[in-house]
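This report refers to the structure that appears directly beneath it.
Reminder, nothing fancy here: chain letters follow the sequence lines and each chain counts from 1. Both backbone and side-chain heavy atoms feed into the values below; hydrogens, waters and symmetry mates do not.
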There are 4 protein chains.
Amino acid sequence: MARGINKVILVGNLGNDPEVRYTGSGTAIATLSVATSESWTDKQSGERQERTEWHRVKMFGKLAEIAGEYLKKGRQVYIEGSLRTEKYTDKSGVEKYSTDIVASDMQMLGGPGGGEGGGSGGGGFQRERPQGGQRQQGGGNYGGGYDNQARGGSAPSPSAPANTGGFEDDDIPF
Amino acid sequence: MARGINKVILVGNLGNDPEVRYTGSGTAIATLSVATSESWTDKQSGERQERTEWHRVKMFGKLAEIAGEYLKKGRQVYIEGSLRTEKYTDKSGVEKYSTDIVASDMQMLGGPGGGEGGGSGGGGFQRERPQGGQRQQGGGNYGGGYDNQARGGSAPSPSAPANTGGFEDDDIPF
Amino acid sequence: MARGINKVILVGNLGNDPEVRYTGSGTAIATLSVATSESWTDKQSGERQERTEWHRVKMFGKLAEIAGEYLKKGRQVYIEGSLRTEKYTDKSGVEKYSTDIVASDMQMLGGPGGGEGGGSGGGGFQRERPQGGQRQQGGGNYGGGYDNQARGGSAPSPSAPANTGGFEDDDIPF
Amino acid sequence: MARGINKVILVGNLGNDPEVRYTGSGTAIATLSVATSESWTDKQSGERQERTEWHRVKMFGKLAEIAGEYLKKGRQVYIEGSLRTEKYTDKSGVEKYSTDIVASDMQMLGGPGGGEGGGSGGGGFQRERPQGGQRQQGGGNYGGGYDNQARGGSAPSPSAPANTGGFEDDDIPF
DNA sequence: TTTT
DNA sequence: TTTT
């Protein structure tokens with residue numbers, strides 16, 4: 001339960017391959033560096049300015065495993081999560097703070113992208129948090145499950161439909 | 001699984017008490033009318049303009065029950081969900097479309113608000129989608145569960161097919 | 001000014017090329033059909049289910065012009081906007097409702113995509129093509145403001161500098 | 001312009017009255033501490049757990065002035081903005097990082113709330129980012145303007161600090 | 001430091 | 001039909 005909303009939405013590119021490690025109990029933890037940048041023309045100078053923001057994103061469990069398997073440096077991703085700031089003391093005894101985004105949802109965007117070819121399919125794996133209606137209808141297992149929420153034991157089975165985005169004109173109701 | 005993101009975030013006020021009904025299998029379905037409005041001063045006339053948008057929000061299962069119990073006309077709420085457009089044929093045989101927001105998260109905002117005093121506390125029930133870290137690490141039960149996702153055991157009966165959103169003519173566009 | 005939040009976030013694919021028309025005063029209006037879909041495995045049947053949601057997105061002004069010029073059928077886009085339901089009377093005299101998303105922000109995602117090979121998309125705008133570190137080599141630029149907000153009079157200058165988004169490993173602060 | 005999406009949405013309560021200061025050129029800068037908390041029942045112990053997240057929110061220009069005037073400790077607010085991490089050197093010469101949310105939109109929620117009764121008014125000032133349609137069509141002045149976007153002339157000029165990020169391995173708390 |  |  002929460003009193004409040006703490007939500008982050010990112011669309012950006014990975015600056016590196018994800019780093020994945022495992023807890024003693026075997027839970028995967030992935031750390032991603034995601035860049036979002038904005039540029040603008042300076043009013044005075046008329047020069048082009050740019051600022052890149054780097055976000056450290058943490059994923060746990062199945063989501064972390066998928067990230068480790070399919071995400072690669074350069075890949076464009078959609079991330080949804082929440083902010084978590086942690087205080088720690090570095091080895092010099094100095095107190096510091098570090099702010100992460102704990103991901104609850106992830107989707108790979110565009111093609112496989114990535115410098116080195118990226119994970120194959122990819123496409124078939126994007127997913128979003130299941131929404132009420134459909135979930136009702138039988139079950140919502142949605143083979144995918146890139147969501148830190150819906151995870152059961154069965155694994156997200158990164159096989160999948162592939163048929164992403166394929167549609168006929170007639171499908172469109174307007 | 002989803003290819004794409006279909007997300008709606010609303011902060012608005014209820015125009016009416018929620019309407020709650022039950023499927024054959026006992027799943028609660030709540031329908032809310034949520035108003036968001038914006039106003040501005042017309043450049044030409046200098047007059048105050050206002051436009052109110054009414055949103056039909058559907059909730060299922062536990063979320064619907066909480067809505068039915070604690071939400072009242074006038075109450076301010078945060079809603080997160082997704083868009084779902086349904087086609088139906090009205091009694092005159094005319095094809096129509098109706099767009100709902102299927103809520104996956106809800107939080108009551110501010111005080112009880114509402115014309116008639118609103119439900120008392122409520123407070124204890126607001127919740128947010130659980131976030132990675134905690135969930136993983138054994139914890140995460142969060143007594144409340146205002147979220148259509150996190151439900152385990154009893155569940156809002158993810159059976160209840162069809163009938164979700166099944167419209168009657170009277171249900172139509174506000 | 002607004003009392004309330006009315007926000008939609010979509011990541012989906014265009015079902016068609018945008019339709020662009022102009023008001024008497026010369027303002028461009030673009031209409032897009034954006035698909036978001038989710039799929040899941042039915043618990044009972046074990047069969048793959050899929051549901052595609054179609055969203056009608058409206059854009060105005062500069063944003064509409066950019067959409068008309070660079071977006072093509074099949075292309076993946078990020079859309080941010082708000083819901084607007086309009087009542088109208090069709091030619092048979094039947095009252096109907098139509099819910100649109102009025103876009104305030106848009107970003108092209110991934111490569112040009114598109115069923116038919118996606119139009120080149122127009123040099124500078126192919127942006128968002130995450131080729132790892134290669135992105136910077138000529139991708140993304142749209143010098144200006146795909147945002148209905150930031151627009152001044154100067155136009156978004158779809159030419160522009162290019163160098164957006166490139167990064168070396170060293171740039172990453174963690 | 002942006003390559004990527006960097007968006008934060010918060011609903012939380014102010015831990016203190018906003019701190020407002022002014023740049024040499026007279027632009028207001030407000031700093032807010034916003035709490036979002038979540039609680040849950042621990043599976044093992046059955047005890048109630050709670051975690052509160054504190055967010056530092058920065059506002060510039062008109063938005064900062066409104067915050068300074070109407071927001072008070074305890075008040076519930078909706079904040080929309082983006083993440084910005086800054087590196088700085090504290091007085092002991094230690095390099096530190098600080099992550100802020102730069103607000104682009106704010107709305108006061110619920111009643112005046114707050115320990116000391118809060119400023120009444122408020123209400124009239126909530127606003128949301130203007131949406132395409134109206135803006136285009138000549139209207140859109142919206143007396144309020146709680147939005148960091150719509151600003152023309154002076155601009156808040158957070159003077160692009162450039163110095164984004166830059167961690168050492170030692171800084172990392174895990 | 002808030003809120004429930 | 002709400003809210004300010």
**Request:** Give the rounded distance in Å between these two atoms: CG of D:Asp17 and P of E:dT2.
**Result:** 12 Å

**Message:** Using whole Å, what does the distance between atom P of nucleotide E:dT1 and atom NZ of A:Lys87 come to?
**Reply:** 11 Å

**Request:** Could you check whether D:Trp54 and the base of E:dT1 form a stacked pair, meaning centres closer than 5.5 Å and planes differing by less than 30°?
**Result:** yes

**Prompt:** Less than 3.5 Å between a donor and an acceptor, one on the side chain of D:Ser37 and one on the base of E:dT4, is that the case here?
**Reply:** no

**Request:** Using atom CD of D:Gln76 as one end and atom C1' of E:dT4 as the other, report the distance to the nearest whole Å.
**Result:** 10 Å

**Message:** Is there, by distance only and without an angle test, a donor paired with an acceptor across the side chain of B:Asn16 and the base of F:dT1 below 3.5 Å?
**Reply:** yes

**Request:** Look only at the side chain of D:Glu50 and the backbone of D:Ser39, and say whether a donor-acceptor pair between them is shorter than 3.5 Å.
**Result:** no

**Item:** Main-chain N/O of B:Glu80 paired with B:Ser104 side-chain donor or acceptor, under 3.5 Å
**Value:** yes

**Request:** Could you work out which one of E:dT3, E:dT2, F:dT3 sits closest to the side chain of C:Arg3?
**Result:** F:dT3

**Prompt:** Between the base of F:dT2 and the side chain of B:Thr52, is there any donor-acceptor pair under 3.5 Å?
**Reply:** yes

**Prompt:** Measuring from C:Arg84:CZ to B:Glu53:CD, what's the distance to the nearest 0.5 Å?
**Reply:** 8.0 Å

**Asked** What integer distance in Å separates D:Glu50:CD from E:dT4:C1'?
**Response** 8 Å

**Request:** Output yes when a side-chain donor or acceptor of D:Asn13 lies under 3.5 Å from a complementary backbone atom of D:Ala35, and no otherwise.
**Result:** no

**Message:** Can you measure D:Arg51 atom CZ to E:dT4 atom P for me and round it to whole angstrom units?
**Reply:** 21 Å

**Asked** For A:Ile5 and E:dT2, what is the distance between atoms CD1 and P respectively, to the nearest whole Å?
**Response** 21 Å

**Message:** Can you confirm whether the side chains of B:Ser98 and B:Arg56 place a donor and an acceptor under 3.5 Å from each other?
**Reply:** yes

**Request:** Could you tell me the separation between the CG atom of D:Leu109 and the P atom of F:dT4, rounded to a whole number of Å?
**Result:** 12 Å

**Message:** How many whole angstroms separate atom CD of B:Glu38 from atom P of F:dT2?
**Reply:** 19 Å

**Request:** Name the closest nucleotide to the B:Lys73 side chain, picking from F:dT3, F:dT1, E:dT1.
**Result:** F:dT1

